Amino acid sequence: MATVKTHIPKKFHDAVVKWRQTFLPDYDFLLDNWERYFPKDQRFETCAFRETGICDEIECGDRKGEPKFTRARDLDSEQAAHLLGAIRAQASTEFGSIQQHRLTLARAQDEKDQAWILRMMAEELRHGYQMLHLLLDDDWSSVTDVKSADMVEEILSMTTGSHVLGAFNIEFDSFVDNATFCAIIDRVGKYQLEMQRVSAYKPFAASMPPMLREEAFHLAAGIVPMRRWMEQAAQGSVYITTEDIQKALNKWLPRGLEMFGDERGGGTNVRYGLKPMKNAEAQGLYYDEVLKLVRDLNMRYLRARLPELKLKEAEQILDQIVDQRETVRGITFEELVHAPHKHFFRRRGVPSFEMTGWDGESFDDADSYLAHLSKQLPDAYRASSDFQDYAEKLRKVAGGEVTAADAAREMPTLRRVGGACPCSKSVRWVADNGASGNGGAS
Amino acid sequence: MSEDTAQLRIRPLQDTDLGDITGLDEKIDGKYRPEVWEMRLGYYMRRDPEASLVAEIDGRVVGFMLGEIRSGEFGLEQPTGWIEVMGVDPEMRGQAVGRRLAEAMLAYFRGRGATSVHTLVDRDMDGIAQFFIALGFEPAGLTPFVKELA
Ligand SMILES: CC(C)(COP(=O)(O)OP(=O)(O)OC[C@H]1O[C@@H](n2cnc3c(N)ncnc32)[C@H](O)[C@@H]1OP(=O)(O)O)[C@@H](O)C(=O)NCCC(=O)NCCS
Ligand SMILES: [Fe+2]
Ligand SMILES: [Fe+2]
């Protein structure tokens, strides 16, 4: 077990550096202050890592036990198309998230939180770089007519609004989004990377472990500030309330759930040996992990509100408030945070446009559902074009003008990402051909 | 990397363990110190999250061990594993939770090219010293020196 470091050819490397100068202008600040924020940590470098000594045999699917592929042209064409879709989706998310984070990075109130997010952004750049390395390091001509160089250019020219996955097209409104995105959306990334780690295409599998190690920090960069905000909220801070955090969860969790792909899909990726789990199974594990995260946040709040409590008592009280919805020692269910229902505000997958409320309640007309959403979502987000698009589609679905499935397919306004297999039910997001290989990560 | 037996599961540390580890520390030491663990786990997660481990039984965290590989410290030029912080639920002591954690961590260090593993034990903590001796550790040729500055 070790990692090998590489760089992509100079022309492309320079293109990434240029991209970095535009979308990550604080990169030099990060490196100049590295020792101050991350003493003794290995310095960041824009490069690609691959793990050596990983499993040589296909780990799941129809060809389990056979040697993994080392060249794209050895995969059968549909399998290769799924794989290529996955790599491009992944690349798009990595670069896309930097474009989102930069909007509100400067608004952080805490310098350390800001430095952690900045480091995370640099690492996303490295992840994107790794995906470009995969595209440039192999011959994909058996899968697509698009040359590797053009694929790279296409990825580097995407901006917020044109990325492959919906979550990466939504703008951030405040630094609360930076942290919540890390805790909620990068967590989907962790699942995707973990699944792709078994990929039958060895170079892709070998790219995952170094990314996963960095991903663990991205989750911490989200969860640690959120925990501190819960404490501050409990102490009556004027800067943050649990309502702010709740609304950010409501904004991001539905998009995170959708990143796993349609709940009915994912079987093809498993058969092809590209992932070990179907979409619904992975999504279920993710949701359970978010429930744990939310409980952890509430515990932080409760202990700050009632510092005299011991651990056991605090756990009992939290159960009472959350499970029985009782008010205990003045703390109400409403002042804590909760994961919205899995079907809340969904526009992709099985429950798309189904008008399920935050608590699982059903609505039967679009107006009252939109009124409900408008109470649950952050003010700035309600004023966004993303929400407007959703509201317009919802009215059409409710009015019988389009089916939920058609509206879901159109949902993100997207450009061509091409090259992916049009047969796949598992995926979404690509407006023109209805498919791409996977849910992506960041 | 995760190593399982019937009930006990050893797996790498993750961000959602923060609450449980803070809770274990409170059980062991009687103090609730969330900020300390946020800082500590943040440190290990950004350096090498796979090196640090937790032990779980039925999804409940019953032990943890934090460590990493470093080189060039204390004149140890070779990559060297360091076991730095650990804790086992007092109700679960003596059931090989600590041993399983240490074995998994040592296997990880070995796989990453470390040729030895070090730790420092306070002279007053005989139980911990005994634990490491039971695992095959021996006193090292390094003697820690300290001078109080206040
Ligand atoms: C030290 C500690 C990790 C041991 O965990 P554990 O799960 O009870 O240990 P195990 O059951 O795996 O024991 C492994 C071996 O160590 C020995 N051992 C463990 N604790 C011991 C003690 N207090 N005295 C003597 N031997 C001990 C066991 O006898 C066993 O030997 P064997 O395998 O040859 O039979 C645990 O007691 C602990 O968390 N202590 C507090 C840690 C602490 O203070 N942390 C803060 C500073 S880092
Ligand atoms: Fe990433
Ligand atoms: Fe990430």
Side-chain angles (χ1 to χ4, degrees), chain A residues 1-3 37-42 44 51 53 112-113 115-116 119-120 123 182-183 186-187 190 194 209-210 212-228 230-231 288-300 303-304 307-312 314-315 318, chain B residues 1-2 11-54 56 59-61 66 68-73 79 82 89-91 107-114:
Chain A
M1 254 193 311
T3 47
Y37 296 118
F38 309 112
K40 295 196 184 163
D41 286 11
Q42 199 181 342
F44 178 83
E51 189 97 334
K112 194 213 88 230
D113 291 350
W116 280 30
R119 170 171 170 168
M120 178 280 302
E123 290 176 350
C182 283
D186 282 52
R187 193 171 307 279
K190 179 185 80 166
E194 195 69 67
L212 265 165
R213 282 195 276 278
E214 288 171 346
E215 210 56 49
F217 169 66
H218 301 180
L219 301 184
I223 201 72
V224 170
M226 287 177 88
R227 284 170 56 99
R228 298 225 184 91
M230 289 301 283
E231 180 181 44
D288 289 346
E289 197 170 302
V290 171
L291 294 178
K292 183 161 197 311
L293 175 165
V294 162
R295 184 176 170 88
D296 194 35
L297 291 176
N298 285 332
M299 198 61 165
R300 194 78 163 81
R303 303 283 314 252
E308 67 281 9
L309 292 185
K310 290 270 172 282
L311 178 61
K312 268 245 152 61
E315 279 171 347
L318 188 57
Chain B
M1 177 186 62
S2 85
R11 58 157 177 81
L13 172 73
Q14 53 187 45
D15 65 303
T16 41
D17 296 323
L18 249 167
D20 290 339
I21 291 179
T22 306
L24 271 186
D25 173 53
E26 193 177 348
K27 263 184 142 176
I28 295 170
D29 233 5
K31 286 182 231 124
Y32 173 60
R33 307 185 293 174
E35 300 85 5
V36 168
W37 293 99
E38 281 159 6
M39 278 223 333
R40 264 195 196 152
L41 298 199
Y43 172 90
Y44 288 100
M45 269 183 293
R46 69 173 201 248
R47 288 171 65 100
D48 185 356
E50 286 179 328
S52 294
L53 302 170
V54 303
E56 251 181 13
R60 191 167 67 91
V61 174
L66 309 180
E68 62 172 330
I69 295 180
R70 296 199 296 261
S71 12
E73 284 189 13
W82 284 87
D89 187 332
E91 290 162 33
Y108 179 80
F109 287 160
R110 214 173 280 123
R112 292 251 138 209

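Residue numbers begin at 1 in each chain, while the letters A, B, ... track the order of the sequences. The basis for the numbers below is simple: all heavy atoms, side chains too, and nothing from hydrogens, waters or symmetry mates. In this text, all values refer to a predicted model and were calculated from it rather than measured experimentally.
- There is no contact between A:Arg295 and chain B, counting heavy-atom distances below 4.5 Å.
- Between atom CE of residue B:Met39 and atom CZ of residue B:Arg33 there is a gap of 11.0 Å, rounded to the nearest 0.5 Å.
- The choice from A:Met299, A:Arg303, A:Lys312, A:Glu214 that makes the most heavy-atom pairs within less than 4.5 Å of chain B is A:Arg303.
- Of the atoms belonging to A:Leu219, heavy atoms from both backbone and side chain fall under 4.5 Å from chain B.
- Between A:Phe217 and A:Trp116, the ring-plane angle classifies as tilted under the 30° and 60° cut-offs.
- Scored by the side-chain contact (heavy atoms from CB on, under 4.5 Å) test, A:Gln42 finds no partners at all (sequence neighbours excluded).
- Considering only residues two or more places apart in sequence or on other chains, B:Tyr44 meets the ring pair (Phe, Tyr, Trp, His ring centres under 6.0 Å) condition with none of them.
- Counting only heavy atoms from C-beta outward, the side chains of B:Glu50 and B:Tyr108 approach each other to under 4.5 Å.
- Looking at A:Asp41, both its backbone and its side chain come within 4.5 Å of chain B, counting heavy atoms on both sides.
- Residue contact with chain B, scored on non-hydrogen atoms closer than 4.5 Å, is absent for A:Pro225.
- Top candidate by heavy-atom pairs under 4.5 Å with chain A, chosen from B:Arg70, B:Glu26, B:Lys27, is B:Glu26.
- Not one N or O on the side chain of B:Asp29 forms a donor-acceptor pair closer than 3.5 Å with the backbone of B:Lys31.
- Annotation: maximal heavy-atom pairing with chain B below 4.5 Å, among A:Glu315, A:Arg300, A:Glu231, occurs at A:Arg300.
- For A:Lys112, no part sits under 4.5 Å from any heavy atom of chain B, backbone or side chain.
- Between the side chain of B:Arg40 and the main chain of B:Leu66, no donor-acceptor pair closer than 3.5 Å is present.
- Looking at heavy atoms from C-beta onward, A:Glu215 lies out of side-chain contact with A:Glu194 at the 4.5 angstrom threshold.
- For the pair A:Arg119 and A:Tyr37, the cation-pi criterion (under 6.0 Å, within 45° of the ring axis) is not fulfilled.
- For residues 14-24 of chain B, the interface with chain A (any heavy-atom pair closer than 4.5 Å) comprises B:Gln14, B:Asp15, B:Thr16, B:Leu18, B:Gly19, B:Asp20, B:Thr22, B:Gly23, sorted by residue number.
- Partners of A:Asp113 under the salt bridge (Lys or Arg N to Asp or Glu O under 4.0 Å) rule, at least two apart in sequence or in another chain, are A:Arg228.
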